[in-house]
Amino acid sequence: MKKILFLHGFYASGQCVPAMALQEAFKDMAEVLTPDLPMHPKEAIRYIRDLTDNEKPDMLVGNSCGSFYAQMVAPTVGLPALLGNPHFMMTKFLKPRIGAHQYKSPRKDGQQDFIIDEQLIAEFAEMEAHQFDTYSPAYRNRIWGIFGEQDTLARFEPLFLQYYSHSFHFPGGHTPTAGEVHEYYVPLIEKLL
């Protein structure tokens with residue numbers, strides 16, 4: 001049985017709509033791992049690398065910040081990846097949101113509150129500056145992107161296409177609905193697997 005590792009967006013958790021939709025779509029074909037990612041980027045990358053070492057997934061699927069991570073990790077662990085609305089400039093997203101927030105879906109540890117502060121933004125800035133350091137031309141066709149036509153948060157398809165050749169669209173926004181995951185993401189994941 002194949003194994004897919006799904007990496008959620010910044011405000012989300014492993015219980016978000018896209019994660020649950022993927023688990024439902026692949027329940028008879030693949031195990032879909034949907035962990036809660038640490039909020040701090042270096043910690044998140046370490047966690048993802050450890051998880052790939054231990055679980056040996058066949059591919060990565062990300063959304064937003066999860067795609068930011070997947071793009072960096074995939075070439076280093078030898079996996080294909082589907083990047084949903086990758087947010088390559090997390091600092092621009094975080095700066096106007098300094099303060100207290102809540103995750104939009106439940107986390108397994110029960111922690112729903114978090115703070116965006118200057119330290120967190122600095123951590124993302126450091127990672128952003130080196131996010132394409134692991135790029136390899138061998139991955140030009142192994143990392144695919146899917147972009148919501150109504151996405152107003154992460155419009156990074158031109159940057160994506162500087163590195164990768166397979167770009168697809170779906171009619172939705174930044175976070176795909178369960179229906180959009182089934183209709184647009186699942187067929188691409190099946191091809192990449």
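Below, all heavy atoms of this structure are taken into account, side chains as well, without hydrogens, waters or symmetry copies. Because the structure is predicted, anything quoted here is derived from the model rather than measured.
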Is a side-chain N or O of [X] found less than 3.5 angstrom from the main chain of [Y], in a donor-acceptor match?
X      : Y      : result
Arg142 : Ala138 : no
Glu180 : Pro171 : no
Gln71  : Gln131 : yes
Asp36  : Gly14  : yes
Ser64  : His87  : no
Asn85  : Thr175 : no
Gln102 : Gln112 : no
Asn63  : Gly66  : no
Arg107 : Asp113 : no

Rounded distance (nearest 0.5 Å) linking atom CD of Glu118 with atom CG of Leu94: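 Answer for the CD-CG pair, Glu118 versus Leu94, is 10.5 Å.
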
For the atom pair CD (Glu55) and CD1 (Ile4), what is the distance rounded to the nearest 0.5 Å? 13.5 Å

Note, [X] side chain near [Y] side chain (heavy atom, < 4.5 Å):
X      : Y      : answer
Met89  : Phe156 : yes
Leu51  : Pro57  : no
Met72  : Ile45  : yes
Ile143 : Pro75  : yes
His169 : Ile146 : no
Phe170 : Pro176 : yes
Ser67  : Leu7   : no
Leu60  : Leu83  : no

Which atom pair, heavy atoms only, marks the closest approach of [X] to [Y]?
X      : Y      : value
Phe6   : Pro18  : CZ-CB, 3.8 Å
Leu120 : Ile116 : CD2-CA, 4.2 Å
Ala154 : His174 : CB-CE1, 3.6 Å
Asp133 : His130 : OD2-ND1, 2.8 Å

For Lys191, I'd like to know if atom NZ has over 12 heavy atoms of other residues, nucleotides or ligands within 6.0 Å. no

Flag yes if more than 12 heavy atoms outside Lys3 fall under 6.0 Å of its NZ atom; otherwise flag no.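 It does: Lys3 NZ has more than 12 such atoms within range.
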
Residues Phe68, Phe10; criterion ring pair (Phe, Tyr, Trp, His ring centres under 6.0 Å); working and verdict: CA-CA 10 Å; Phe68 171 71; Phe10 185 79; over 10 Å; no

Starting from the C-alpha separation in whole Å, work towards a yes-or-no answer on ring pair (Phe, Tyr, Trp, His ring centres under 6.0 Å) for Phe93 and Phe124. CA-CA 10 Å; Phe93 173 77; Phe124 271 101; 9.2 Å; no

Test item: side-chain donor near acceptor, [X] and [Y], under 3.5 Å:
X      : Y      : answer
His8   : Thr34  : no
Asn141 : Ser165 : yes
Ser167 : Glu157 : yes
Glu24  : His182 : yes

Is NZ or CZ of Arg49 both nearer than 6.0 Å to the six-membered ring centre of Tyr47 and within 45° of the ring axis? no

According to a hydrophobic-cluster definition based on side-chain heavy atoms being under 4.5 Å apart (Ile, Leu, Val, Met, Phe, Trp, Tyr only), do [X] and [Y] belong together?
X      : Y      : answer
Met127 : Val77  : yes
Val32  : Met29  : yes
Phe114 : Leu153 : yes
Leu82  : Phe88  : no
Leu37  : Ile121 : yes

Lys42 with Glu123: basic N within carboxylate O range, under 4.0 Å: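 Result for this pair is no, no salt bridge flagged.
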
Set out, in order, the CA-CA distance, both residues' side-chain angles and the distance that settles side chain to side chain contact (heavy atoms under 4.5 Å, CB included) for Phe132 and Leu159, then state yes or no. CA-CA 11 Å; Phe132 294 105; Leu159 178 56; 4.1 Å; yes

Passing candidate, side chain to side chain contact (heavy atoms under 4.5 Å, CB included) with Val73, options Ile48, Leu5, Thr134: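 Among the candidates, only Ile48 passes.
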
Out of the candidates Leu79, Thr76, Leu33, only one should pair with Thr52 under the side chain to side chain contact (heavy atoms under 4.5 Å, CB included) rule; please name it. Leu79

Can you list the steps and then say if Tyr11 with Tyr103 is a ring pair (Phe, Tyr, Trp, His ring centres under 6.0 Å)? CA-CA 5 Å; Tyr11 272 88; Tyr103 289 105; 7.6 Å; no

For a side chain to side chain contact (heavy atoms under 4.5 Å, CB included) check, start with the C-alpha distance between Val186 and Phe26, then their side-chain angles and the critical distance, and finish with the verdict. CA-CA 8 Å; Val186 168; Phe26 285 100; 3.9 Å; yes

Report the residue from Tyr135, Tyr139, Trp144 that forms a ring-ring contact (aromatic ring centres under 6.0 Å, His included) with Tyr164.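 Only one option passes, and that is Tyr135.
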
Between Arg140 and His166, does the side chain to side chain contact (heavy atoms under 4.5 Å, CB included) criterion hold? Intermediate values first, please. CA-CA 8 Å; Arg140 187 159 180 76; His166 287 72; over 6 Å; no

Apply side chain to side chain contact (heavy atoms under 4.5 Å, CB included) to residues Ile189 and Leu22 and explain how you reach the verdict. CA-CA 10 Å; Ile189 293 166; Leu22 285 174; 3.5 Å; yes

